[in-house]
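The structure displayed is predicted, hence computed values, not measured ones. One-based numbering along the sequence shown.
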Amino acid sequence: MQKSPVMLENIEDMRLQEGIVDHVLRKAIKGLKVGDLVKLTFLFGADSTTGETLSVRITEITRGAFRGELAERPASAALSEIRVGVSVEFMVAHIHSLTTARARD
């Protein structure tokens, strides 16, 4: 039996469905730089309704697309196969929130 892929939750769609427009978050996202940490919600399988929100350190920003590395270990057994440092590609719509921590230069 093949395992279901890990997916990222489209948090922007969820907010819009609830009538939530977070102007503060949108403005903060525009100021993101390489080294910043963002929170993304990882889901296990396409039909999953539960997930785990984890920190990802941005390593590249290109025209609204982001690449980063997982910065913390998942607690969920369903996500145990993804490891700290794994590469993650994501879009603005996937950003759950920002953290105040930043990479040291």
Side-chain angles (χ1 to χ4, degrees):
M1 177 165 45
Q2 185 177 4
K3 292 190 175 192
S4 297
V6 174
M7 311 280 289
L8 293 175
E9 185 171 59
N10 186 326
I11 194 71
E12 186 171 289
D13 277 353
M14 290 180 65
R15 286 186 180 111
L16 291 175
Q17 288 175 9
E18 296 297 322
I20 300 169
V21 179
D22 190 338
H23 296 290
V24 174
L25 178 61
R26 284 184 180 181
K27 183 176 180 181
I29 288 171
K30 288 180 182 179
L32 286 172
K33 295 179 178 37
V34 170
D36 288 343
L37 287 170
V38 296
K39 293 281 192 171
L40 306 178
T41 300
F42 291 78
L43 304 172
F44 186 75
D47 297 327
S48 180
T49 57
T50 60
E52 186 172 349
T53 303
L54 300 167
S55 295
V56 173
R57 185 170 313 281
I58 297 171
T59 58
E60 184 179 329
I61 303 170
T62 308
R63 291 183 229 109
F66 297 84
R67 182 181 298 264
E69 293 179 350
L70 189 63
E72 65 181 306
R73 188 172 64 100
S76 168
L79 297 173
S80 64
E81 289 189 22
I82 60 173
R83 305 277 187 232
V84 170
V86 71
S87 182
V88 180
E89 293 181 16
F90 59 100
M91 304 297 286
V92 169
H94 297 121
I95 299 174
H96 177 281
S97 57
L98 311 182
T99 68
T100 56
R102 181 148 188 193
R104 293 199 165 88
D105 296 328

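In this structure, CZ on R15 lies 8.0 Å from CD on E12, to the nearest 0.5 angstrom. Interatomic distance, CZ of F90 versus CG of L8, reported as 8.5 Å (0.5 Å rounding). Here the CG-NE2 distance, from N10 to H96, works out to 12.5 Å after rounding to the nearest 0.5 Å.
Across all their heavy atoms, L79 and E52 have their closest contact at CD1-CB, 3.7 Å. Across every non-hydrogen atom of G64 and M91, the tightest pair is O-CE, 3.9 Å. Nearest approach of V84 to R73, heavy atoms of both residues: CG2-N, 3.5 Å. Of all non-hydrogen atoms in G31 and D36, the two that sit nearest each other are O-OD2, 4.2 Å. Annotation for E69 and T59: closest pair CG-CG2, 3.8 Å, computed over non-hydrogen atoms. Of all heavy-atom pairs between I11 and I95, the closest is CG2-O, 3.0 Å.
For the pairing with I58, the side-chain contact (heavy atoms from CB on, under 4.5 Å) check across L32, L37, V88 returns one residue only, L32.
Contact of the V38 side chain with the F66 side chain is not registered, since no non-hydrogen atoms from C-beta on lie closer than 4.5 Å.
Salt bridge annotation for K39-E72: present, with a cationic side-chain nitrogen under 4.0 angstrom from a carboxylate oxygen.
Criterion: ILVMFWY side-chain heavy atoms under 4.5 Å apart, direct or through other members. Under it, M14 and L43 are not part of a common hydrophobic cluster. Connection of I61 to L25 is established within a shared hydrophobic cluster, with ILVMFWY side chains joined at heavy-atom distances below 4.5 Å, either directly or through further cluster members.
V21 belongs to a hydrophobic cluster whose remaining members, ordered by chain and number, are L16; membership requires side-chain heavy atoms of ILVMFWY residues under 4.5 Å apart, directly or through intermediates.
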Could you go through the side chain to side chain contact (heavy atoms under 4.5 Å, CB included) check for F44 and I82 one step at a time? CA-CA 11 Å; F44 186 75; I82 60 173; over 6 Å; no
